[in-house]
Undergrad: 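Attaching a single structure in structure tokens format; questions to follow.
The first residue in the sequence is number 1, and the count goes up from there.
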Amino acid sequence: MKSMKLVRLILAVLTILLASKSTIAQKQQPNILWMLTDDERYDAVRSFNKILTGQEMSELGYVESPNVDNLVSQGTTYINTYCQATGCAPSRSAMHLGRYPFRSGVYEFEYYNNNAEHCKPTLPEQMADLGYQTIIIGKQGVRIKTINNQGKSVPFEMYQTNISFKQLRRDGLTDWGKDWFYEMDGEKLEKPMKQVKFFVTPEGEFEYVHKELEVNNSKHKGTAKKTMKKYDLLRHYTPQKPNNNIDGIILSGVSSQPAGKTRDGHYASIFEDYLKNENKKFAAGSRVFEGVDTSKPLFCNIGFDYPHTPVLPPASYRERFAKKKYKVPEFNKKELENMPSQLKKIAIKSMSDHFTDEEKQKMIQDYYAFCAYGDELVGQAAKAFIEYSEKNNQDWIIMFVCGDHGWKLNDHGAISKFSSWEIDSHNPIVVVSSDKKTFPAGKVVQDYTEFIDIAPTFMAAGGANLKDKQYEYLDGMDMAQIASGKAQKRDYIIGESHAVTGPRAYIRTKEYVFSMQTRPHKKRGENMEWALNASYKELDPALYDMTKDPKETKNLAFDKNYEEIAMKMKKKLMDIVLGDDRVEVGWGKKADGTTVYRSNFAPGAHDYKLKL
């Protein structure tokens with residue numbers, strides 16, 4: 001009898017322990033919403049400006065961000081976060097792979113595969129292994145493929161559910177799009193029309209902007225000129241390439257759709273539909289998807305397109321911001337005299353200082369108007385996500401990443417990105433959680449963080465033990481550990497980007513930033529240690545003193561007073577990105593190559609320590 005009571009007691013204790021373990025496991029696997037914007041400057045967010053400068057408004061003028069500001073008040077802000085590459089695709093790859101470009105071999109807009117010997121599972125794959133349902137809505141921007149049994153590279157889906165823009169634009173769920181067309185006006189084409197740009201009206205009419213249609217199709221002739229006037233478009237132009245109705249990225253204009261019906265507006269509303277349709281199907285345009293599975297934790301990435309070109313805020317936002325007067329960043333042509341040739345290349349190619357005063361004002365007004373509209377959508381998605389999580393008694397985490405990199409608004413006399421300058425590489429992150437102990441409300445972390453920290457942060461939150469051998473490939477740190485002071489502090493951040501400028505790496509401390517050319521060309525695996533033997537001049541160096549020159553206009557790389565600092569930073573940067581397990585891969589034109597080339601003459605150089 002006593003033994004039976006003892007057995008029952010043991011069983012009761014085990015039941016309680018198992019239930020407790022289950023509860024703990026549930027808390028360790030919060031629902032996760034990761035929101036990422038595209039080309040957003042950090043000064044588009046008032047709370048970031050307040051932390052960095054003491055003033056809510058940008059130095060340029062009025063900005064509006066109540067929803068992100070609300071996230072900042074509720075969560076932990078990593079104000080000194082920097083991207084690893086200042087182009088969309090390589091930056092997003094660094095986030096999804098959790099690796100620096102020089103460790104992954106993904107440096108720009110090349111297509112690559114996941115079959116090379118150094119490749120590891122992507123972030124959403126790791127989250128799925130931890131038991132998460134994974135979904136992406138909107139822009140992914142990661143050009144990853146896989147090699148099939150026939151040796152051909154084919155598309156690879158990282159996420160279990162991908163509600164991409166590609167089909168949404170074909171369904172007309174957008175204000176603007178670009179696509180290949182295999183038929184036009186109901187007639188099949190002999191050859192597909194490539195990269196046809198178009199606007200979509202509230203009535204669902206497609207207004208095509210394409211040279212071939214303008215020349216060969218009388219029905220669509222004049223549409224380009226019509227859209228320029230109708231949507232008040234400002235396209236980028238240069239003195240050598242005058243403005244026209246078709247070419248040039250759109251820097252200013254008004255959306256063809258009202259607020260909520262733009263491409264980003266549809267991302268937010270589709271996310272709401274996904275959460276509302278628990279355990280059942282729902283439609284998004286012509287496609288049908290499974291709604292959220294309430295039995296599993298959720299990992300969702302919303303890839304907003306705003307404020308990437310075309311910059312087309314809805315009329316309601318544009319009208320308000322058109323009343324604001326902005327201070328245009330000043331540019332002195334003397335800056336070009338000492339600007340390194342790689343940075344000069346992007347500055348000249350993307351020059352905007354020749355625009356009229358009215359054009360510059362419109363460009364800046366519409367950019368910040370677009371950011372303000374996007375902020376509304378961020379708040380919409382965050383609200384729906386928190387309501388869903390709390391209704392189902394589930395813990396939750398929201399991460400907002402301010403741009404995959406930044407954007408110039410006549411800074412250095414240019415627009416666009418791709419440089420190692422502060423305005424292109426500084427991208428704060430906010431993390432808000434139901435767990436206020438891990439991510440305290442209103443906390444500001446001044447320590448350096450990098451985009452490679454995103455993957456380990458999510459994986460750790462999902463229950464992964466980052467000390468396990470299977471995760472040792474990760475280059476980043478858990479941001480929860482950074483916030484608590486338990487992670488190693490960084491003296492510097494690093495990055496490397498090859499897009500537009502050509503191969504160039506940068507290292508930044510709180511006082512200085514140094515950048516240089518890393519490779520003589522883009523041929524993977526050839527002459528990888530070129531920089532070790534190149535002259536200092538051939539490295540095309542740049543050094544800026546951030547304490548005296550925060551706008552980075554005076555290149556001190558050849559100033560004798562800064563020689564010791566330049567040499568220390570050059571050596572550290574070279575040892576890390578060229579000598580600490582550098583990887584380059586011959587991906588090939590079809591992304592089916594798997595040959596890996598390595599350079600490892602300075603193992604362990606990346607120790608986060610640099611005393612100047």
Side-chain angles (χ1 to χ4, degrees), residues 42-43 51-53 59 78-86 100-102 332 334-344 346-347 405-406 408 411-412 417-428 445-452 488-497 501 503-518 531 534 536-580 602 605-612:
Y42 62 82
D43 69 351
I51 295 168
L52 292 166
T53 69
E59 291 182 29
Y78 299 82
I79 197 65
N80 287 312
T81 306
Y82 286 79
C83 67
Q84 266 54 70
T86 50
Y100 291 110
F102 73 89
N332 188 329
K334 287 186 177 180
E335 183 185 342
L336 293 173
E337 295 176 5
N338 293 315
M339 189 181 289
S341 61
Q342 285 185 315
L343 297 185
K344 188 186 295 185
I346 183 63
H405 44 69
K408 292 183 284 294
D411 306 85
H412 306 281
K417 54 258 186 165
F418 300 119
S419 81
S420 50
W421 287 314
E422 173 89 358
I423 200 61
D424 285 355
S425 59
H426 188 177
N427 300 90
V445 177
Q446 297 285 351
D447 293 339
Y448 273 138
T449 40
E450 301 179 289
F451 275 9
I452 53 163
Q488 182 174 352
K489 293 184 183 296
R490 293 175 167 106
D491 288 339
Y492 58 83
I493 60 94
I494 53 172
E496 182 174 4
S497 185
T501 60
R504 191 172 189 85
Y506 49 93
I507 182 168
R508 180 180 294 273
T509 68
K510 296 292 176 64
E511 295 83 20
Y512 303 100
V513 56
F514 179 87
S515 65
M516 63 172 226
Q517 184 171 333
T518 53
Y536 187 54
K537 185 177 181 180
E538 287 175 315
L539 295 178
D540 195 31
L543 174 68
Y544 299 103
D545 185 338
M546 299 300 294
T547 62
K548 299 177 181 178
D549 179 29
K551 302 299 182 187
E552 298 166 289
T553 62
K554 300 173 184 176
N555 181 11
L556 304 170
F558 295 96
D559 188 321
K560 290 295 182 182
N561 294 319
Y562 289 85
E563 184 176 8
E564 184 178 352
I565 290 170
M567 292 303 105
K568 282 185 177 180
M569 296 188 80
K570 181 197 78 165
K571 178 174 174 25
K572 188 69 174 180
L573 181 59
M574 288 174 60
D575 284 351
I576 294 171
V577 301
L578 297 176
D580 193 356
H606 184 32
D607 58 3
Y608 308 108
K609 299 174 183 177
L610 178 60
K611 301 302 179 186
L612 298 173

Undergrad: Crowded around K609 NZ? As in, over 12 foreign heavy atoms under 6.0 Å?
TA: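 No, NZ of K609 has 12 or fewer neighbouring heavy atoms, counting only those of other groups under 6.0 Å.
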Undergrad: Between K572 and D607, does any side-chain N to carboxylate O distance fall below 4.0 Å?
TA: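 Salt bridge: yes.
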Undergrad: Which heavy atom of F451 sits nearest a heavy atom of N427, and at what distance?
TA: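 Here F451 and N427 meet closest at CZ-CB, 3.5 Å.
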Undergrad: To the closest 0.5 Å, what do you measure between CD1 (I576) and CG (L610)?
TA: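 I576 CD1 to L610 CG: 8.0 Å, rounded to 0.5 Å.
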Undergrad: So if I apply the side-chain hydrogen bond (donor to acceptor under 3.5 Å, both in side chains) rule between Y100 and each of E450, E496, Q84, which one comes out positive?
TA: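 Looking at E450, E496, Q84, the match for Y100 under the side-chain hydrogen bond (donor to acceptor under 3.5 Å, both in side chains) is E450.
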Undergrad: Taking all heavy atoms of K570 and all of M516, pick out the closest pair and write down the distance.
TA: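 Taking K570 first and M516 second, the nearest heavy atoms are CG-SD, 4.0 Å.
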Undergrad: Check the pair E511 / I565 against side-chain contact (heavy atoms from CB on, under 4.5 Å), numbers first and verdict last.
TA: CA-CA 11 Å; E511 295 83 20; I565 290 170; over 6 Å; no
Undergrad: Applying the side chain to side chain contact (heavy atoms under 4.5 Å, CB included) test to H426, which of T81, D43, L52 qualifies?
TA: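 Testing H426 for a side chain to side chain contact (heavy atoms under 4.5 Å, CB included) against T81, D43, L52 leaves exactly one candidate, L52.
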Undergrad: Under a plain distance cut-off of 3.5 Å, with no hydrogens placed, do T53 and E59 share a side-chain donor-acceptor pair?
TA: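 No, no side-chain donor-acceptor contact under 3.5 Å.
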Undergrad: How far apart are the closest heavy atoms of Q342 and D540, and which atoms are they?
TA: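 That closest heavy-atom pairing would be N-OD2, 2.8 Å.
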Undergrad: Is K551 paired with E335 through a side-chain N to carboxylate O contact shorter than 4.0 Å?
TA: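 No, no charged N to carboxylate O under 4.0 Å.
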Undergrad: Which heavy-atom pair separates L543 from Y512 by the least distance, and what is that distance?
TA: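 So the two residues come closest at CD1-CB, 4.2 Å.
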Undergrad: For the residue pair Y536 and F558, is the inter-centroid distance of their aromatic rings smaller than 6.0 Å?
TA: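 For Y536 and F558, the ring centres are under 6.0 Å apart.
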Undergrad: Please find the pair of heavy atoms, one from H412 and one from A347, that lie closest to each other, and give the distance.
TA: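 Heavy atoms of H412 and A347 come nearest at O-CB, 4.2 Å.
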Undergrad: Quick one: closest heavy-atom pair of N555 and P340, and the distance?
TA: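 Closest pair (atom of N555, atom of P340, distance): ND2-CD, 3.7 Å.
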Undergrad: Using a cut-off of 6.0 Å, state whether more than 12 heavy atoms not belonging to K344 lie near its atom NZ.
TA: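 More than 12 heavy atoms, drawn from other residues, nucleotides or ligands, come within 6.0 Å of this atom.
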Undergrad: Between K408 and D424, does any side-chain N to carboxylate O distance fall below 4.0 Å?
TA: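 Looking at K408 and D424, the cut-off is met.
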